[in-house]
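Note that the structure is a prediction, hence the values are computed from the model and not measured.
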Amino acid sequence: MLSQVIAILLPVFSLVLVGFWVGKTMNINFAPINRLNIDVFVPALVFSSLVAMPLNMSQGPLIIAALSVLLLPGVLFICLAPKSMNFKSWAPTLMFRNSGNLAIPLFGYAFGAVAAEAAVLLFVVSTCLHVIFGSLILSNQRGWQNLVSAFKTPLFIAALAAITLNLGQVHIYQPIAEATQLLGQAAIPVMLLALGSQMTQLQLDGLKIGLINIGLSLLTGAVSFTLVYLFIPLPSLHLKMILLFSMLPPAVMNYLYAERYQNEPHKVAAMVLFGNASALVSLPILLLISLSL
């Protein structure tokens with residue numbers, strides 16, 4: 001079992017390490033690369049996956065489970081966290097996890113091609129909810145205008161187009177489909193390289209906040225997964241994926257929203273960076289548990 005975990009995580013962490021080396025030694029600005037990824041490669045990945053995915057009621061339990069593990073940590077934070085912890089700073093890092101940079105390649109290496117479509121579906125559900133939450137809850141004004149603008153992004157357009165074509169049973173011209181798949185294949189390695197480059201920004205003065213957030217993230221994730229396990233029947237593969245999905249480190253987008261709306265961005269940066277760094281320890285343990293289900 002341990003050798004299986006190493007085989008799964010080694011390709012992921014190797015690319016993260018390369019990204020860290022690139023960030024340390026080459027002084028490369030990843031901002032335009034990240035924009036290219038989120039506006040071109042990722043929409044292509046989403047489109048090529050969703051347009052071929054069987055969309056029917058069988059996907060319902062997975063979507064409900066995903067929404068549950070996304071929303072429940074926020075509810076738990078409201079009920080249990082002291083008032084000194086700002087909801088707009090802390091709760092999003094517990095709710096919206098690294099379902100792109102880390103989850104998509106992780107699911108692929110852990111469960112094979114059979115998990116690819118479900119991994120993209122989880123990413124789309126998380127991203128859509130995050131945009132809605134960010135526009136309406138985290139912003140201090142013009143929430144609906146922000147939401148309308150978000151729905152015009154390439155990611156949303158790609159997802160909507162793919163779902164429409166899928167439900168309409170419209171077949172894509174094969175060379176176009178292959179070109180889209182080729183573009184989408186670039187998304188995952190770029191995600192991992194970008195994640196590694198962000199690790200160069202770790203600073204020890206945010207360690208305490210980072211460690212508290214890691215503990216809260218694992219606790220709320222574990223409670224959310226337990227409720228899903230007890231009340232939402234899922235196939236074995238989807239159950240394993242939801243276990244990992246519910247306890248991944250925070251998404252980088254949390255920092256982007258915190259910076260945009262000035263919700264303690266320095267604290268959120270520490271939560272995101274230390275949370276993702278902690279994956280070196282937490283992911284092997286979570287994978288062992290997941291593979292044993």
Close side-chain approach of [X] and [Y], heavy atoms under 4.5 Å:
{"X": "Tyr109", "Y": "Leu10", "result": "no"}
{"X": "Ile242", "Y": "Leu122", "result": "yes"}
{"X": "Met271", "Y": "Tyr255", "result": "no"}
{"X": "Leu106", "Y": "Leu287", "result": "yes"}
{"X": "Ser197", "Y": "Ile28", "result": "no"}
{"X": "Ile232", "Y": "Leu234", "result": "yes"}
{"X": "Ser126", "Y": "Phe245", "result": "yes"}
{"X": "Tyr257", "Y": "Asn263", "result": "no"}

Spell out, as yes or no, whether a donor-acceptor pair under 3.5 Å connects the side chain of Ser48 to the backbone of Leu45.
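It does hold such a pair.
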
When you measure from the side chain of Thr200 to the backbone N and O of Phe20, does any donor-acceptor pair fall under 3.5 Å?
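Checked: no pair found.
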
Just how far is it from atom [atom1] of [X] to atom [atom2] of [Y], taken to the nearest 0.5 Å?
{"X": "Leu283", "Y": "Leu244", "atom1": "CG", "atom2": "CG", "value": "7.5 Å"}
{"X": "Met241", "Y": "Leu239", "atom1": "CE", "atom2": "CG", "value": "11.5 Å"}
{"X": "Thr164", "Y": "Leu50", "atom1": "OG1", "atom2": "CG", "value": "10.5 Å"}
{"X": "Tyr261", "Y": "Ser89", "atom1": "OH", "atom2": "OG", "value": "14.0 Å"}
{"X": "Leu288", "Y": "Leu293", "atom1": "CG", "atom2": "CG", "value": "11.0 Å"}
{"X": "Cys128", "Y": "Phe133", "atom1": "SG", "atom2": "CZ", "value": "15.5 Å"}

Do [X] and [Y] belong to the same hydrophobic cluster, where Ile, Leu, Val, Met, Phe, Trp and Tyr are linked whenever their side-chain heavy atoms lie under 4.5 Å apart, directly or via other members?
{"X": "Val75", "Y": "Ile64", "answer": "no"}
{"X": "Ile78", "Y": "Leu71", "answer": "yes"}
{"X": "Ile157", "Y": "Phe123", "answer": "no"}
{"X": "Val190", "Y": "Leu182", "answer": "no"}
{"X": "Phe30", "Y": "Trp21", "answer": "yes"}

Exercise: identify the closest heavy-atom pair between [X] and [Y]:
{"X": "Leu248", "Y": "Ser217", "answer": "O-OG, 3.9 Å"}
{"X": "Ala279", "Y": "Phe13", "answer": "O-CZ, 3.6 Å"}
{"X": "Phe47", "Y": "Ala158", "answer": "CD1-O, 3.5 Å"}
{"X": "Ala52", "Y": "Glu117", "answer": "O-OE2, 3.8 Å"}
{"X": "Asn254", "Y": "Pro250", "answer": "ND2-CB, 3.8 Å"}
{"X": "Asn166", "Y": "Val51", "answer": "ND2-O, 3.2 Å"}

Residue pair [X] / [Y], side-chain donor-acceptor N/O under 3.5 Å:
{"X": "Ser246", "Y": "Arg97", "answer": "no"}
{"X": "Asn98", "Y": "Asn276", "answer": "yes"}
{"X": "Thr93", "Y": "Asn213", "answer": "yes"}

Evaluate Leu67 against Ile63 for side-chain contact (heavy atoms from CB on, under 4.5 Å), listing each step before the verdict.
CA-CA 6 Å; Leu67 291 173; Ile63 294 174; 4.2 Å; yes

Do Lys88 and Glu264 pass the side-chain contact (heavy atoms from CB on, under 4.5 Å) test, and can you show the C-alpha distance, the side-chain angles, and the key distance before you say yes or no?
CA-CA 9 Å; Lys88 291 185 178 182; Glu264 301 180 305; over 6 Å; no

Any chance you could lay out the side-chain contact (heavy atoms from CB on, under 4.5 Å) test for Ile188 and Phe41, step after step, and finish with the verdict?
CA-CA 9 Å; Ile188 292 174; Phe41 300 150; over 6 Å; no

Can you check side-chain contact (heavy atoms from CB on, under 4.5 Å) on Met85 and Ile212, steps first, answer last?
CA-CA 11 Å; Met85 288 183 169; Ile212 294 172; 3.9 Å; yes

By salt bridge (charged side-chain N to carboxylate O under 4.0 Å, His left out), which residues pair with Glu259, not counting sequence neighbours?
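Salt bridge (charged side-chain N to carboxylate O under 4.0 Å, His left out) check on Glu259 returns nothing, list empty.
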
Should the pair Phe225 and Tyr229 be assigned to parallel (<30°), tilted (30 to 60°) or perpendicular (>60°) ring geometry?
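Ring orientation of Phe225 relative to Tyr229: tilted.
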
